[in-house]
Engineer: 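Sending over a structure as structure tokens; questions will come in a sec.
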There are 2 protein chains.
Amino acid sequence: MENRIEKIKKQLHSQSYKLTPQREATVRVLLEHEEDHLSAEDVYLLVKEKSPEIGLATVYRTLELLSELKVVDKINFGDGVSRYDLRKEGAEHFHHHLVCVECGSVKEIEEDLLGHVEKTVESQWEFQVKDHRLTFHGICKNCQSEHD
Amino acid sequence: MENRIEKIKKQLHSQSYKLTPQREATVRVLLEHEEDHLSAEDVYLLVKEKSPEIGLATVYRTLELLSELKVVDKINFGDGVSRYDLRKEGAEHFHHHLVCVECGSVKEIEEDLLGHVEKTVESQWEFQVKDHRLTFHGICKNCQSEHD
DNA sequence: GTGTCAAATTATAATGATTTTAATTTATTT
DNA sequence: AAATAAATTAAAATCATTATAATTTGACAC
């Protein structure tokens, strides 16, 4: 964990940003909830537990900054809220999501499923792909078995 | 065009909704701007030109209804606004988008690029796919050539 | 160490998209 | 035509997010 904080610190420094206590607290919350797809409000409340003086606006600004630096991915599942996911180490791309329409659970897929599709897009539409976002909506394993 | 309105009318009736004048006006705007990825506000302004008495809330309600009936797809490119695209006739799936990070243009891809990927997801993660959304972010043909 | 400057943060207010409410209108059924 | 339900309007409310102004922090010069 300290290791990853160090890396993020370096990423910030490389663009002449600082890892302030508030930013560090925010990053720590993200690291501790890597699977959780937290909203800005969620992050705010969790950070507040350890650092009660932090403001919501600061959390928003920090998440925005981390998003620009590609430390986190800002995602949107269609409810009105943005969610923030830590990008996995070494991942060049956004990871994919399986959203269950029954129970609302969200599962992540790390594998890059789109290498081939991306090549098609690049050649067929002459579009230079930088990133992609892919979400499947459907019924998760759990909810399938409940229908028996 | 009248043809497609008729179809949508039937879809509404099949769920015991009516195609009111306001709803029809809204659908017509969507048909006339099929490539445009209009926001609710955009639709509202366009509908207002022909039917000045319509309210914004009605447009929202209509778009929400059409979205539930899968007549339109509600999409979200990460700016704070929802956009509404008519689903192509016979399309079972959401279509894909190429969003240019330089000029903001959005191009649609009708082809189903994900048949194979979907099968992988279904078998490997035991997730029953109902729909998907795929967006590529990158640089469009136009913006590429401007960089010469 | 003290003063100065820029960056960051706080608390609050403002914004903008969307939703809700209550009152009114329209369409449908009896 | 009266009664009922569905849809619409206009206005207010809500919620996420962003901007503002004042304050604090930290780095560097003296």
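Worth knowing before you read on, the calculation uses all heavy atoms, side chains too, and leaves out hydrogens, waters and symmetry mates. Small disclaimer: the values here were computed from a predicted structure and weren't measured. Labels below follow one simple rule: chain letters A, B, ... track the order of the sequence lines, proteins then strands, and each chain is numbered from 1.
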Engineer: Just to confirm, is there a sub-4.0 Å distance from OP1 or OP2 of C:dT19 to any side-chain nitrogen or oxygen of B:Y60?
Structural biologist: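 It does not, given that no N or O in the side chain of B:Y60 lies less than 4.0 Å from OP1 or OP2 of C:dT19.
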Engineer: Roughly how many Å is it from CZ in B:R83 to C1' in C:dA17, rounded to a whole number?
Structural biologist: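 The answer, rounded to whole Å, is 12 Å.
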Engineer: Write down the distance between CG (A:L19) and P (D:dG26), rounded to a whole number of angstrom.
Structural biologist: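 That distance rounds to 13 Å.
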Engineer: What are the residues of residues 32-58 of chain A, sorted by number, that bring a heavy atom to within less than 4.0 Å of DNA chain C?
Structural biologist: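 By residue number: A:E53, A:I54, A:G55, A:T58.
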Engineer: A:E2: what forms a salt bridge (charged side-chain N to carboxylate O under 4.0 Å, His left out) with it, not counting sequence neighbours?
Structural biologist: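 A:E2: salt bridge (charged side-chain N to carboxylate O under 4.0 Å, His left out) contacts with A:R28.
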Engineer: List the residues meeting side chain to side chain donor-acceptor pair (under 3.5 Å) with A:K70, not counting sequence neighbours, and say none if there are none.
Structural biologist: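 With neighbours one apart ignored, the set is empty.
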Engineer: Taking B:E24 first and then B:K9, would you say they form a salt bridge - that is, a charged N and a carboxylate O separated by under 4.0 Å?
Structural biologist: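 No, this pair does not count.
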Engineer: Can you tell which of C:dA8, D:dT8, C:dA17 lies closest to the side chain of B:Q22?
Structural biologist: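 Looking only at heavy atoms from C-beta outward on B:Q22, the closest nucleotide is D:dT8.
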Engineer: Could you list the residues that satisfy side chain to side chain donor-acceptor pair (under 3.5 Å) with B:N3, not counting sequence neighbours?
Structural biologist: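 Applying side chain to side chain donor-acceptor pair (under 3.5 Å) to B:N3 gives none.
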Engineer: Going by the rule side chain to side chain donor-acceptor pair (under 3.5 Å), which residues pair with A:R83 if we only count those two or more places apart in sequence or in a different chain?
Structural biologist: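 A:R83: side chain to side chain donor-acceptor pair (under 3.5 Å) contacts with A:D79.
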Engineer: Quick one: side chains of residues 114-123 of chain B, donor-acceptor pairs under 3.5 Å with protein atoms, not counting sequence neighbours, listed by atom name and distance.
Structural biologist:
unit_1, atom_1, unit_2, atom_2, d
B:E118, OE2, B:H132, ND1, 2.5
B:T120, OG1, B:H116, O, 3.2
B:E122, OE2, B:V129, N, 2.8
B:S123, OG, B:K119, O, 3.2
B:S123, OG, B:T120, O, 3.3

Engineer: Would one find a side-chain N or O of B:S82 under 4.0 angstrom from OP1 or OP2 of C:dT18?
Structural biologist: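 For C:dT18, OP1 or OP2 has a side-chain N or O of B:S82 closer than 4.0 Å.
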Engineer: May I have the distance from A:L65 (atom CG) to C:dA7 (atom P), rounded to whole angstrom?
Structural biologist: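 A:L65 atom CG is separated from C:dA7 atom P by 14 Å.
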Engineer: Look for any protein N or O under 3.5 Å of an N or O in nucleotides 22-30 of chain C and output each such pair with its distance, or none.
Structural biologist:
none

Engineer: Nearest whole angstrom, please: distance from the P of D:dA16 to the CG of A:N76.
Structural biologist: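 These atoms are roughly 13 Å apart.
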Engineer: Between B:E108 (side chain only) and B:E35 (backbone N and O only), is there a donor and an acceptor less than 3.5 Å apart?
Structural biologist: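 Flag not set: sc B:E108 to bb B:E35 has no pair under 3.5 Å.
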Engineer: Linking directly or through intermediates, with side-chain heavy atoms under 4.5 Å: list the remaining ILVMFWY members grouped with A:F94, chain and number order.
Structural biologist: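 Cluster partners of A:F94: A:I75, A:F77, A:V99, A:V106.
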Engineer: Rounded to the Å, how far apart are B:E68 CD and C:dT19 C1'?
Structural biologist: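 Atom-to-atom, B:E68 to C:dT19, this comes out as 14 Å.
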Engineer: Rounded to the nearest angstrom, tell me the gap between atom OH in B:Y17 and atom C1' in D:dA5.
Structural biologist: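 Result: 14 Å.
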Engineer: Distance check needed: C:dA17 P versus B:L63 CG, whole Å only.
Structural biologist: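 The distance from CG of B:L63 to P of C:dA17 comes to 14 Å, rounded to the nearest Å.
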Engineer: Using the ring pair (Phe, Tyr, Trp, His ring centres under 6.0 Å) criterion, which residues pair with B:H95? Sequence neighbours excluded.
Structural biologist: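 Only B:H97 meet the ring pair (Phe, Tyr, Trp, His ring centres under 6.0 Å) criterion with B:H95.
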Engineer: Just the rounded figure in Å: distance from C1' of D:dA16 to CG of A:D79.
Structural biologist: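 Taking atom C1' of D:dA16 as the reference, CG of A:D79 is at 11 Å.
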